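Order of appearance sets the numbers: ligands from 1, and atoms from 1 within every ligand. Please read all numbers here as calculations on a predicted model, not as lab measurements.
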Amino acid sequence: MAGFAPPERRGTPFVIDFRLSDENRLVQASARAFAEAEILPHIREWDSNAETHPEVFARMGELGFLGAPIPESYGGLGMDYISFALLCEELERADTAFRVVQSVHVGLNSLTLLQWGTEAQRQQYLVPQARGEKLATFGLTEPGVGTDAGALQTTARRDGDVYRLNGQKIWISLADLADHFLIFASVDRAKKHKGVTAFIVERGFKGLSTGTLHGKLGIHAGNTGIINLEDCLVPVENRVGEEGEGFLIAMSAIDQGRYTVAAGAVGLAQACLDASVKYAHERETFGEEIGRHQLVKQMIAKMAAGTEIGRLLVWRAGWLKNQGLRNTRETSLAKWHATEHSVQAALDAIQIHGANGYSNEFPVERYLRNSKAAVIYEGTSQLHTLIQADYALGYREDRPLRCEPWPAQGFERPAPAVSPA
Ligand SMILES: Cc1cc2nc3c(=O)[nH]c(=O)nc-3n(C[C@H](O)[C@H](O)[C@H](O)COP(=O)(O)OP(=O)(O)OC[C@H]3O[C@@H](n4cnc5c(N)ncnc54)[C@H](O)[C@@H]3O)c2cc1C
């Protein structure tokens with residue numbers, strides 16, 4: 001039976017370790033303290049009035065959150081990906097709008113510049129973004145094109161030292177607030193996805209204008225809008241990668257963005273669970289807490305299990321990212337499960353709250369409205385279903401992307417000077 005001895009007694013280290021490091025816990029506590037002090041006391045009012053508060057995003061920048069996983073040499077905190085997931089989880093536990101900033105500014109934009117940008121682009125754009133001095137976003141979706149991103153209608157025509165970009169982007173998070181935009185346009189629409197090219201566009205470039213979309217179902221404390229490109233002049237040195245490399249760049253960006261969405265959805269589901277457990281203890285029917293009724297227990301149990309499964313899937317994807325290993329399948333699975341679960345958790349949280357759940361006196365109706373967006377963006381649930389089926393059936397296999405092992409640089413910044421409200 002010697003083969004069944006614990007690995008350490010055989011001289012082999014354990015490979016899987018679910019304990020959070022001191023650094024992970026510091027990030028988690030810092031993010032929770034920030035959310036409890038600076039978001040939660042105000043969020044009901046901000047959400048009801050559809051108020052976006054850029055000063056809170058700026059505060060996130062002061063705390064280093066806007067450069068969380070970016071190496072210190074480029075102005076970031078050098079967090080590992082498990083810490084980054086915990087940061088996103090805690091932010092969305094308070095409200096989705098603040099995790100969205102991590103998704104577009106850090107996940108889709110900054111990490112993409114780190115991976116694909118030239119050294120000059122990193123110095124000019126990534127460093128101020130990581131320091132929180134400039135806000136950035138990601139413009140792929142168009143009025144006629146979402147899931148089928150290779151069919152982009154926005155065009156980029158080379159004209160000497162500049163490209164002229166023409167088209168419109170829609171449903172862009174932070175569109176009306178961002179300073180820098182990572183925009184995807186086609187240099188040759190006949191080539192479909194092989195014509196897609198990525199560009200860094202600055203607010204202030206001639207031909208760029210933005211606007212805000214009103215009437216969204218949820219994420220009322222966040223900004224979502226349109227970007228108009230009318231003969232927008234972009235210097236050649238602002239092209240990211242080569243002509244035609246943009247589709248690959250967009251897909252690798254989305255591998256990062258999806259990770260933040262998955263981690264955030266775990267936080268939203270956790271918020272549903274926390275609110276439901278509290279209410280189940282407080283509310284009584286038939287002479288006992290509703291938590292004592294079997295059918296309420298069933299909803300609580302499914303909520304707890306799905307949340308935990310989501311967290312473990314996120315951490316597995318994070319572990320792969322920390323090693324610099326390809327993680328497209330695992331990140332897609334984490335995003336698909338965690339976001340679908342968060343919608344169900346929000347529905348059940350409302351059910352547990354009865355009529356009170358149908359009112360904004362309690363947070364659970366906000367959780368439901370916010371949760372629905374995440375089964376649409378960064379790949380709809382239908383797209384993730386197809387991706388997972390194609391991996392299982394062997395129709396899809398991964399080729400390595402440019403993926404660098406993550407340098408363990410340490411999160412040394414002290415906890416923010418805020419205390420739980
Ligand atoms: C709040 C919010 C914020 C967003 N922020 C950003 C952002 O910052 N930047 C950005 O670029 N985009 C952003 N988006 C856009 C988002 O990424 C797109 O909405 C998403 O990619 C889906 O595209 P679509 O809405 O055009 O749907 P479509 O692609 O038109 O799909 C419509 C429906 O058809 C289904 N479908 C499509 N193709 C298939 C298929 N092959 N098989 C089965 N079903 C299919 C879809 O699953 C969906 O149910 C945001 C969206 C929202 C709601």
What protein heavy atom sits nearest atom 9 (N) of ligand 1, and how far off is it? Phe138 O, 2.9 Å
Heavy-atom donor-acceptor pair, His353 side chain to Tyr279 backbone, under 3.5 Å: no
Within 45° cone and under 6.0 Å: Arg239 NZ/CZ vs Phe199 ring: no
Could you find the nearest protein heavy atom to atom 12 (N) of ligand 1 and give me its residue, atom name and distance? Thr141 OG1, 2.7 Å
Using the six-membered ring wherever Trp is involved, compare the ring planes of Tyr81 and Phe84 and label them parallel, tilted or perpendicular (cut-offs 30° and 60°). perpendicular
Looking only at protein heavy atoms, identify the closest one to atom 20 (C) of ligand 1 and say how far it is in Å. Ile376 O, 3.5 Å
Are a donor atom and an acceptor atom from the side chains of Tyr391 and Arg329 found within less than 3.5 Å of each other? no
Which segment of Leu386 sits under 4.0 Å of ligand 1 when only heavy atoms are counted: side chain
Any chance NZ of Lys216 has more than 12 other-residue heavy atoms, nucleotides or ligands included, within less than 6.0 Å? yes
Please check atom 33 (C) of ligand 1 for a protein heavy-atom neighbour under 4.0 Å. no
Would you say the rings of Phe184 and Phe247 are close, in the sense that their centroids are separated by under 6.0 Å? no
Nearest non-hydrogen protein atom to atom 23 (O) of ligand 1, with distance, is Gly146 CA, 3.3 Å
To the nearest 0.1 Å, how far is atom 28 (P) of ligand 1 from its closest protein heavy atom, and which atom is that? Thr147 OG1, 3.6 Å
Can a non-hydrogen atom of Leu383 be found less than 4.0 Å from any atom of ligand 1? no
Quick check: does Leu140 get an N/O under 3.5 Å from an N/O on ligand 1? yes
protein heavy-atom neighbour closest to atom 5 (N) of ligand 1 works out as Trp171 O, 2.8 Å
Are any non-hydrogen protein atoms located under 4.0 Å from atom 7 (C) of ligand 1? yes
Specify whether the nearest protein heavy atom to atom 25 (O) of ligand 1 is under 4.0 angstrom away. no
For Ile170, give me all partners under side chain to side chain contact (heavy atoms under 4.5 Å, CB included), at least two apart in sequence or on another chain. Thr141, Pro143, Leu213, Ile226
How far is atom 49 (O) of ligand 1 from the closest protein heavy atom, and which atom is that? Gln382 OE1, 3.4 Å
Please check if a non-hydrogen protein atom sits closer than 4.0 Å to atom 30 (O) of ligand 1. no
To the nearest 0.1 Å, how far is atom 46 (C) of ligand 1 from its closest protein heavy atom, and which atom is that? Thr380 OG1, 3.7 Å
